[in-house]
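Side chains are part of it too, since the values below use all heavy atoms of this structure and drop only hydrogens, waters and symmetry mates. Numbered from 1 within each chain, the chains take letters A, B, ... in sequence-line order. Everything numeric here is computed off the predicted structure, so don't read it as measured data.
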Amino acid sequence: MELIKDINKKVLDWLDERYDARQWIRENLTEKWVHKHINWLYCFGGLSFLGFLIQIGTGIFLMMYYIPTPKDALASVQHIANNVPFGWLFQRLHSISANVVNLLVMFHMLRVLYHGAYKKPREFQWVSGVFLLLITMAMSFSGYLLPWTQLSYWGAIIGTEMPGATPFIGEWLLQLIRGGAQITGITLTRFYAIHVVVLPLTLIVFLGLHFWMIKKVGISGPM
Amino acid sequence: MEKSIEKNSSNSKRSFLKLLFLTVMGVSFGGVIYPIIRYLSPLSQQKEGEKVEILKDEVPIGKAKFLTYKGNPAVVIHTKAGFTALSAVCTHLGCIVKWLEDKGEFQCPCHAGRFDVTGKVLSGPPPNPLLQIAVVESGAKIVIG
Ligand code: HEM
Ligand code: FES
């Protein structure tokens, strides 16, 4: 115990000398000044972020066994769920918390709406939040195709028919998303790249903006 | 007197809570780390001494069939003399050898080591012949190992 305390102190001293670590901890954690009116409704933003971190973690683990081809996709998902030790855990965590994250983001949005927290000077927090919701939903949609089940396949057909109904550019948009006229292996690899690289990176950029604005403007006042 | 008792009891309460806290943290941490380590560890493959069976039809004369024996790549070749099973791991630096059907020999893609059908080194850097694996014919099947 004494040894741990000693090491702890030495590390903090070292960091303090260079980066004012203790001051940073005081200001941002242990003595952070929080409004009296803050209650548990204010947790949904942070919980959404936690959910996103869980998706990143479990998603990376799934990538280690998942194979994005029509021949192997379902078999590799079944292999993860049935044969890989604790694969069921990471697979279930990823698919269940995908749904939970969507709910959390929506609760967060409702909280902001209810408190009128989107008003000046926080308009762009709302705008970036709308993007975060859309990207989260796009994550769910692109991820849903990956196991290549009947549900995935028909879900992807319906989901891509919808932008297909856009006036003038609909047909072009539909073919762009599918990578062809039909849902094929090309669609699968396309959705895979979007699901594991494009959308997460975009999400991180918008999260950065979102958090930076919160830090800058501060949390909204009591109702 | 009373003061010292109070102090003692609050001390043991504190150390108990500390122990409880550390235990809960330790168990939670272990509960996260253990599944991750198990998930990332390679799946156990064939057990030691386990034999591999294939159908004779799978290896026509002149052809080779690559398979996994005790977790390592192996190869079965069918020549006029019969079936031979060898480890497919080059004895130089461990690349997987290729079967050249027209030449009837193995070639290593890494540093051009060459082996004949019995695994003997023909040329190149490999210091030892390919490891022999026992083959038994039984009916329409061959049993390796
Ligand atoms: C993607 C990689 C990195 C990025 C984006 C990055 C970025 C930065 C930035 C923006 C600064 C502020 C001062 C400046 O502009 O020089 C800085 C300072 C510094 N970085 Fe990095 N850095 C990276 C990698 C590294 C690595 C690999 C090292 C050392 C192993 C390093 C060591 C330092 C040091 C010592 C300073 C202080 C320099 C000074 O004050 O004179 N950085 N870095
Ligand atoms: S590893 Fe086979 S020749 Fe070097």
Side-chain angles (χ1 to χ4, degrees), chain A residues 1-9 11-12 25 29-30 46-47 49-68 72-98 100-101 143 146-147 196 200, chain B residues 4-55 57-58 65-74 88 94-96 144-145:
Chain A
M1 259 348 251
E2 284 307 309
L3 183 72
I4 294 173
K5 257 186 202 153
D6 210 42
I7 293 172
N8 204 12
K9 184 180 172 325
V11 171
L12 273 176
I25 292 171
L29 295 169
T30 53
L47 287 174
F49 183 55
L50 179 66
F52 174 61
L53 294 183
I54 290 173
Q55 291 307 89
I56 297 248
T58 53
I60 289 172
F61 285 138
L62 293 179
M63 279 177 78
M64 292 177 180
Y65 289 102
Y66 175 74
I67 307 166
D72 297 316
L74 180 60
S76 67
V77 172
Q78 285 171 336
H79 174 66
I80 294 171
N82 298 335
N83 305 336
V84 180
F86 291 98
W88 58 271
L89 180 65
F90 295 109
Q91 206 262 322
R92 291 286 83 201
L93 268 177
H94 196 75
S95 60
I96 293 171
S97 77
V100 174
V101 169
L146 302 185
V196 304
Chain B
S4 79
I5 288 169
E6 247 180 56
K7 197 169 170 228
N8 261 338
S9 75
S10 89
N11 256 350
S12 66
K13 200 188 284 174
R14 170 171 288 234
S15 65
F16 170 74
L17 284 174
K18 234 180 209 171
L19 190 69
L20 190 70
F21 174 74
L22 286 177
T23 311
V24 170
M25 291 299 281
V27 169
S28 317
F29 187 72
V32 172
I33 293 301
Y34 178 71
I36 291 178
I37 290 176
R38 286 293 313 281
Y39 183 85
L40 297 180
S41 309
L43 284 174
S44 58
Q45 288 168 333
Q46 285 152 318
K47 297 191 179 56
E48 283 291 313
E50 204 164 289
K51 294 181 193 313
V52 183
E53 281 188 4
I54 57 169
L55 292 172
D57 292 349
E58 291 180 62
K65 182 179 168 64
F66 286 80
L67 38 83
T68 304
Y69 176 69
K70 289 186 184 173
N72 288 314
C95 294
I96 314 293
I144 297 134

Enter the distance from B:I37:CD1 to A:F86:CZ here, rounded to the nearest 0.5 Å.
11.0 Å
Is it the backbone or the side chain of A:L62 that comes under 4.5 Å from a heavy atom of chain B, or both, or neither?
both
Quick check on B:I36 against chain A: is it the side chain, the backbone, both or neither that has a heavy atom closer than 4.5 Å?
both
Mark yes or no for whether B:Y39, through its side chain, and A:L89, through its backbone, hold a donor-acceptor pair below 3.5 Å.
no
